[in-house]
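Let me begin by presenting the structure, written as structure tokens, before commenting on it.
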Amino acid sequence: MPKPKIEPRLPKGMRDYLPGTMLKREYVFSKVREVFHLYGFEPLQTPVLELHETLMGKYGEDAEKLIFNAQHPGGKEELSLRYDLTVPLARVVAQYPNDIALPFKRYQISPVWRAERPQKGRYREFYQCDADIVGASGMDADAEIVSVVISALLRLGFDNFTVKINNRKLLTAIGQYAGVEGEPLANLYRSIDKFDKVGAEGVREELITRGLDGEVIAKIMDLITVDLPGIQKLAYLEGFMGDFPAACEALGELRDLIAHLQASGMPEQYYDFDLTMVRGLSYYTGPIFETVVNEAGMGSVQGGGRYNDLIGLFKGESIPTTGMAFGIERIIDLMDTFNLYPPSLGGTLTQALVTVFSGETRFEAERLASELRGAEIRTELYLQDRKLGQQIAHADKKGIPVVALLGPDEIASGQVKFKRLRDGQEVTASRAQAAEVVWGLLNT
RNA sequence: GUGGCUAUAGCUCAGUCGGUUAGAGCGUCUGAUUGUGGAUCAGAAGGUCGAGGGUUCAAGUCCGUCUAGCCACCCCA
């Protein structure tokens, strides 16, 4: 073989997922998918590449610099790798009006690409896991989104998390109440958004630096940091801002949302209002959600909310939409942190390794492997002529729980010996009972 | 885009004030054990010290350049 001249390495910010990792990732994906299906969300898949023009003008100037372009020699179309899953959804909704019945509930778990500088937990290729309801304007839809979040996290094994709920309209109303609008209001959001990281004092200092009046800051901080349980928080705000139509509308929506959540039976310990939660920028128009896993020492694992003006972009109209995205990469990290994978999820799917004693017994070993596979046992046949010890070591290293030993003695007597590596237990059985014995070793 | 840190064996890292032949743990391979993995013991392989310059009698070690990686900021998942 020629010596490889090229150092094997990955593009910046991209990863390989080796089999042991893939088993874990697919476990998480499958649990989340189960919950989506339970709520009537159905899968959508769109191409990795979109026309460049489809993506332009949707994310803002700064974000557009992070879009990967994908040209080939002589290509006539300007193509780009998708930047998220929401714009493709908007395109699909506009493109297939006859095939899509509203409300349209779809989910998509797919990679997206951003040419950012990689960092801890941030990659240039990463999976997004979105579920959205297109064409439903009521708070029952938003409540359903929150329910999906809670159900999925519970199913994965998390039990100490909080879905933080706020309303974009309420933040706007607070700005009005304090006398801040336009560009300063956007900066105000950005500062408040850092609440988790820098605390109340940090936010206060940043607002001072941004040149806001001390009195204004005091009014805002008083409102957003009020520490009252659930609904009482809303009543407190109403006392100050009851005269502002935007505030009334926002508070009404949140009351409505909670009523639907209660009806759906979601335990109240898993959600709460957090008036300091802002959700990045721009396109949200109503309730917003963000979930933190407590004691995780990490940012949010889920974000979402209502965005009524984005999905209709390609149709030139407003289509009420609410949805959410799991920070699925972070969730996968936390699954390890909190040890939430089931023990049955070992490093391999393979359940049995059939060892091969010698060249003469290989045909018989193949027959045995075939019999085990016929009984739905995931079976690897050892494919090299090596010493028995090395074959067993191979099973041990991969985490295969059972090995079959088929030497001349066993073949002569029509039997096969199985060994369970976990505890070294050996069982000899007739070939007719072989599969049954393996299932016994696997399940006890 | 801005700033900081790092680069030595497959992996994680040590290497003193610049001084002879470059070190450990883990992993890999061989054997102890020709029908049995892990544990133990004995041994072996494995290095352009990121690249290319400079200072010096002498550079893994000091200086600047480049490259790559990591971290923080901006922003985001």
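Excluded from the calculations below are hydrogen atoms, water molecules and symmetry mates; all remaining heavy atoms, backbone and side chain alike, are included. Reminder, nothing fancy here: chain letters follow the sequence lines and each chain counts from 1.
Contacts of A:Ala395 with the nucleic acid, taken as non-hydrogen atoms under 4.0 Å apart, are absent. Residue A:Glu290 is classed as having no contact, given no heavy-atom separation below 4.0 Å to the nucleic acid. Contacts of A:Lys417 with the nucleic acid, taken as non-hydrogen atoms under 4.0 Å apart, include base atoms. Contacts of A:Asp409 with the nucleic acid, taken as non-hydrogen atoms under 4.0 Å apart, include base atoms. Using a 4.0 Å heavy-atom distance criterion, A:Arg124 is classed as making no nucleic acid contact. Residue contacts for A:Leu405: at a heavy-atom cut-off of 4.0 Å it reaches a base atom on one of the strands shown. Using a 4.0 Å heavy-atom cutoff across all strands shown, A:Phe326 reaches no nucleic acid atom at all. Among the heavy atoms of the strands lying under 4.0 Å from A:Gly424 is at least one base atom, whether or not backbone atoms are also near.
Looking at A:Arg378, its side chain does come within 3.5 Å of a backbone N or O of A:Leu349 through a donor-acceptor pair. When atom types are taken as modelled, the side chain of A:Asp16 and the backbone of A:Leu18 share no donor-acceptor pair closer than 3.5 angstrom. A donor-acceptor distance shorter than 3.5 angstrom exists from the side chain of A:Arg82 to the backbone of A:Thr46, with no hydrogens or angles considered. For A:Thr379 (side chain) and A:Ala352 (main-chain N/O), no donor-acceptor pair under 3.5 Å exists by modelled atom type.
Residue A:Lys12 places none of its side-chain N or O atoms closer than 4.0 Å to OP1 or OP2 of B:rA68. Under 4.0 angstrom from either OP1 or OP2 of B:rU30 there lies at least one side-chain N or O belonging to A:Gln390.
Taking atom C1' on both B:rU61 and B:rG1, the two are 34 Å apart, rounded to the nearest angstrom. B:rC63 and B:rG46 have their C1' atoms separated by 33 Å, given to the nearest Å. If you take atom C1' in B:rA14 and the same atom in B:rG60, they sit 12 Å apart, rounded to whole Å. To the nearest whole angstrom, the two P atoms, one in B:rU8 and one in B:rG47, are 15 Å apart. Taking atom C1' in both B:rA59 and B:rG52, the straight-line distance is 15 Å, to the nearest Å. Taking the C1' atom of each, B:rU56 and B:rG18 are spaced 9 Å apart, rounded to whole Å. Comparing B:rA45 with B:rC5, their P atoms sit 40 Å apart, to the nearest whole Å. B:rC13 sits 29 Å from B:rG53 when the P atoms are compared, rounded to a whole Å.
Judged by a 6.0 Å distance limit and a 45° cone about the ring axis, A:Arg168 is positioned over the six-membered ring of A:Tyr189.
Following rounding to the nearest Å, A:Ile67 (CD1) and B:rC75 (C1') show an atom-to-atom distance of 15 Å. Whole-Å rounding puts the A:Tyr123 OH to B:rG69 P distance at 14 Å. Distance, A:Arg15 CZ to B:rA77 C1': 11 Å, rounded to whole Å. In this structure, A:Leu66 atom CG and B:rC75 atom C1' are separated by 8 Å, rounded to whole Å. Rounded to whole Å, the distance from CG on A:Asp62 to C1' on B:rU2 is 14 Å. Straight-line distance from the CG atom of A:Leu334 to the P atom of B:rA77: 17 Å, rounded to whole Å. Across the protein-nucleic acid pair, A:Glu61 atom CD and B:rG1 atom P stand 16 Å apart, rounded to whole Å. Per the geometry, OH belonging to A:Tyr83 stands 8 Å off P belonging to B:rA77, to the nearest Å.
Around the NZ atom of A:Lys315, the shell of radius 6.0 Å holds more than 12 heavy atoms that belong to other residues, nucleotides or ligands. Sparse packing is recorded around CD of A:Glu436, with 12 or fewer heavy atoms of other residues, nucleotides or ligands lying under 6.0 Å away.
Within the 6.0 Å centre-distance limit, the rings of A:Phe36 and A:Tyr107 are counted as a close aromatic pair.
Note: A:Tyr17 and A:Tyr127 have perpendicular aromatic rings, judged against thresholds of 30 and 60 degrees for the angle between ring planes.
Among A:Gln108, A:Arg106, A:Lys105, the one residue that satisfies the side-chain hydrogen bond (donor to acceptor under 3.5 Å, both in side chains) test with A:Asp132 is A:Arg106.
At a cut-off of 3.5 angstrom, the base of B:rU28 holds no donor-acceptor pair with the side chain of A:Lys397. Between the base of B:rU36 and the side chain of A:Glu426 there is a donor-acceptor pair shorter than 3.5 Å.
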Pairing of RNA chain B as dot-bracket, 5' to 3': ( ) intra-strand, [ ] crossing, | other strand, . unpaired, with Watson-Crick or G-U pairs under 3.5 Å?
(((((((..((((.....[...)))).(((((.......))))).....((.((..]....)).)))))))))....
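Both A:Ile392 and A:Gly327 sit near RNA chain B, but only A:Ile392 has its closest nucleotide nearer the 5' end.
For the residue pair A:Glu410 / A:Thr428, no side-chain donor-acceptor distance below 3.5 Å is found, with atom types taken as modelled.
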Contact list (N/O, under 3.5 angstrom) for nucleotides 71-74 of chain B vs protein:
| residue | atom | partner | partner atom | Å |
| --- | --- | --- | --- | --- |
| B:rC71 | OP2 | A:Lys120 | N | 2.8 |
| B:rA72 | OP2 | A:Gln119 | OE1 | 3.2 |
| B:rC73 | N4 | A:Gln119 | NE2 | 3.4 |
| B:rC74 | OP1 | A:Lys194 | NZ | 3.1 |
| B:rC74 | N4 | A:Arg122 | NH1 | 2.9 |

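Between the CG atom in A:Asn166 and the CD1 atom in A:Ile174 there is a gap of 7.0 Å [rounded to 0.5 Å].
Residue ring and base: A:Phe126 counts as stacked with B:rA77 (centre distance below 5.5 Å, interplanar angle below 30°).
Relative to the side chain of A:Lys419, the nucleotides B:rC76, B:rU36, B:rU30 differ in distance, and B:rU36 lies closest.
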